[in-house]
K.L.:
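Here it is: the structure, laid out below.
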Amino acid sequence: MGKAMKDAPQGVLSRAAQLEMHLFMRLAREWDLRFETMYLTGALSKWYSSVGNEGFTVPAATAIEAGDALLTLHRDSGAILRYYLDPDALFPGLLEAPGFPLRKPTTADSHDLLYRLSCQMLGKADGFSGGVERSYHYGHLDEPNGLLHVGMISHLGAMIPVAAGAALGLKQRGTDRVAINFIGDGATSTGDFHEALNMAAVLKLPFILIIENNHYAFSTPTSQQFSCSHLVDRAVGYGIPGVRVNGNDPEESYVALSEAVARARRGDGPTLIEAVVGRLRGHSQGDDSFKQVPPALVEQYQREEPIVTYEATLLERGVCNQTYLDETQARIKSLLIETIDRAQAAPDPDPNHVRPIFADGDAPHA
Amino acid sequence: MLLMPKASTATEQKLYVDNISAALRDEMRADENVYFMGQDVAEFGGPFNITTGFLEEFGAARIFNTPISESGTVGIAVGSALLGRRPVVEMQFADFVSCGFNQLVNVAAKMYYRMEQPVPLVIRLPAGGGVGAGAFHSQNNEALFAHTPGLKIVAPATAEDAYLLLRAAIRDPNPVLYFEHKYLYRRQKGVTPTFPLGDTTASVTLEAKAAVRRPGADVTIVTYGWMVHRSLEAAETLAAEGIDCEVIDLRVLAPLDTQAILESVEKTSKAVVVHEATITCGIGAEVSALIAEHAIGYLDGPIKRVAYPDQPVPFHKSLEAAALPNPDKIAAAVRAAVEW
């Protein structure tokens, strides 16, 4: 951070914390852009983009630490990268000081995790699911290193009870660990949303549910999904706090998430958070759903998107200069290209290897 | 692990329902990771009094009521099982598990294949008819789940098995559906057997092992649950006619003990499959297909099925009795197989 300026930073975070937050936001963005490019060139059969969600996914995973549980959807690359990776291991010398000195990082090997994550996106044998599961539909439980990550199934909403169950498991152990879970605005219409939030409230679970409200469920706008003013209003019905944040603002998001995590650690129960962001991509790359977003809104969403606005803020505050931003971006790109290229060259899964369906290796009777 | 009851020094005859309670209590005592949740199970003890006194012994952290939220409850069980807890969930009636269907077939069942992470959980399902409870408190919906890879299914027919299979289900590192039959709750009695594994926290696989409840030479009857007893009754009638039936109690419906089925059919050359659940795509369809596929060379006649007609369970006892498989229907099917 030698190139960053020494002025006192504005905002709620220290200069070091702002730079660390930015580093992961930019990392998540470049990660997505790389796979989008691969999708466009035919190297990948399917891609769901997290572009535009970095402003709350990175802060959310910053607010938790090793030992807490993370349950993600397919728009949360920012949370996964933040939860898994140690910035000093990947970018030695880039950050002068730890931005979040009290945050307990994972002890897992960051380069190895980034490689395996890349393999997972490409369905390779070295991916977390060995190629049986697509992109973010996997989980990685490595408790000795503090990683308790469970990915989604495609039935949106179904992971909310599972996340509440992870919170229950952590509570039953007598720890102050918490579970956070992301869902989209669309999944708030499922029965599981209601059942899980209600039960989490009744059982006072250390659970934080973050609704990623990007105003569209696939192609259906929120006006056709619910009639309440704001999704966060539903928290009242469960007797829990609800906080609505500008999901493009990482500092506002971080403050809200940190308060929710602290509340959960105290044993005071769950919090519902609605992170409002813009829709910057279609449901998946390759479908036409993005056409449902009116051009004027697209323009507004692009203007408000988190990377552009946060970098402008950092420059304005004098936290860093353009050279730092350019060099950081270049280092990230270089690391990702090297790692993802290595994953692309890695072995495909062996079709002769059949994964067992039972934990004890029992085969189905036939 | 062999699940066969071993010689026990116990002599006191216990009800099937009391052995369910005893198995649950003994597993909760043996492993503090085991916890129990369901509707009305804590202070009230459940509609069948299976957990009466548990709250006092184990405390509110290990036995608690849930709201009427089957999906939420199963999902919570899955999430905690991923962290090494061993949840046991009571469906108040097996019929209501449909409200938790997605969590079972898409989340729990597929978790190990997707993540190679054990999900040790048990769903207790009070199932079955014969008690005048109508269409939504009488179902035998095990076949809905047998079609899903990744779920184990057990269905105890005896009081001894009610105990053994529940303890084994809780020890198993996979999702297990435990179908307990309400008609048998207070009609079947037996000792509380010695659990072969003892009171440890060991995670041990539940193996598919069928039991020969009556050895015989002429016809194989493959059945499970309540129908084991109705098949044994039919076998006694048929014995007087000179037809010697072998009655096989499957005990574990998924995975199936294919070997026990085929060995018996190879010996008798006749097969009748009996279950209380509706006939189409039932467990009997799978058993029949297995026999046809692997033992057709031994068969000396068609495989017969005796099962519930494809209809909901009616309320009035005369209507229900007419629809249920009974010893007469079973005997008729056996005669038809023998006389073919």
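Fair warning: this is a prediction, and the values are worked out from it, not measured in the lab. Convention: sequence-line order gives letters A, B, ...; per-chain numbering from 1.
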K.L.:
Counting only heavy atoms closer than 4.5 Å, note whether A:H194 contacts chain B via side chain, backbone, both or neither.
P.N.:
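For A:H194, neither part sits under 4.5 Å from chain B.
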
K.L.:
What distance do A:L209 atom CG and A:F182 atom CZ have between them, rounded to the nearest 0.5 Å?
P.N.:
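Result: 10.0 Å between the selected atoms.
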
K.L.:
For the pair A:I208 and A:I64, evaluate side-chain contact (heavy atoms from CB on, under 4.5 Å) and give the outcome as yes or no after the intermediate values.
P.N.:
CA-CA 10 Å; A:I208 296 105; A:I64 60 166; 5.7 Å; no

K.L.:
So for B:N102, is it side chain, backbone, both, or neither that comes closer than 4.5 Å to the heavy atoms of chain A?
P.N.:
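The answer is the side chain of B:N102.
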
K.L.:
Please look at A:A158 and chain B and tell me whether the side chain, the backbone, both or neither of the residue comes under 4.5 angstrom of a heavy atom of that chain.
P.N.:
both

K.L.:
If we ignore hydrogens and angles and just use 3.5 Å, is the side chain of A:R134 paired with the main-chain N or O of A:K46 as donor and acceptor?
P.N.:
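No: the side chain of A:R134 does not pair with the backbone of A:K46.
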
K.L.:
Examine whether an atom of A:I160 lies under 4.5 Å from a heavy atom of chain B, and if so say whether it belongs to the side chain, the backbone or both; otherwise answer neither.
P.N.:
neither

K.L.:
Would you mind checking which part of B:S203 comes under 4.5 Å of any heavy atom in chain A, side chain (CB onward), backbone (N, CA, C, O), both or neither?
P.N.:
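For B:S203, neither part sits under 4.5 Å from chain A.
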
K.L.:
Considering only heavy atoms, which portion of B:E70 lies under 4.5 Å from any heavy atom of chain A: side chain, backbone, both, or neither?
P.N.:
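The answer is the backbone of B:E70.
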
K.L.:
Pick one of side chain, backbone, both or neither for B:R85, based on which atoms fall under 4.5 Å of a heavy atom in chain A.
P.N.:
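For B:R85, the contact with chain A is made by the side chain alone.
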
K.L.:
Is chain B contacted by the side chain of A:Q172, its backbone, both, or neither, given a heavy-atom distance below 4.5 Å?
P.N.:
both

K.L.:
In terms of heavy-atom proximity below 4.5 Å to chain B, should A:L148 be classed as side chain, backbone, both, or neither?
P.N.:
side chain

K.L.:
So, do B:F96 and B:F136 have ring centers that fall under 6.0 Å from each other?
P.N.:
no

K.L.:
Could you tell me which of A:I153, A:V202, A:L170 has the largest number of non-hydrogen atom pairs under 4.5 Å with chain B?
P.N.:
A:I153

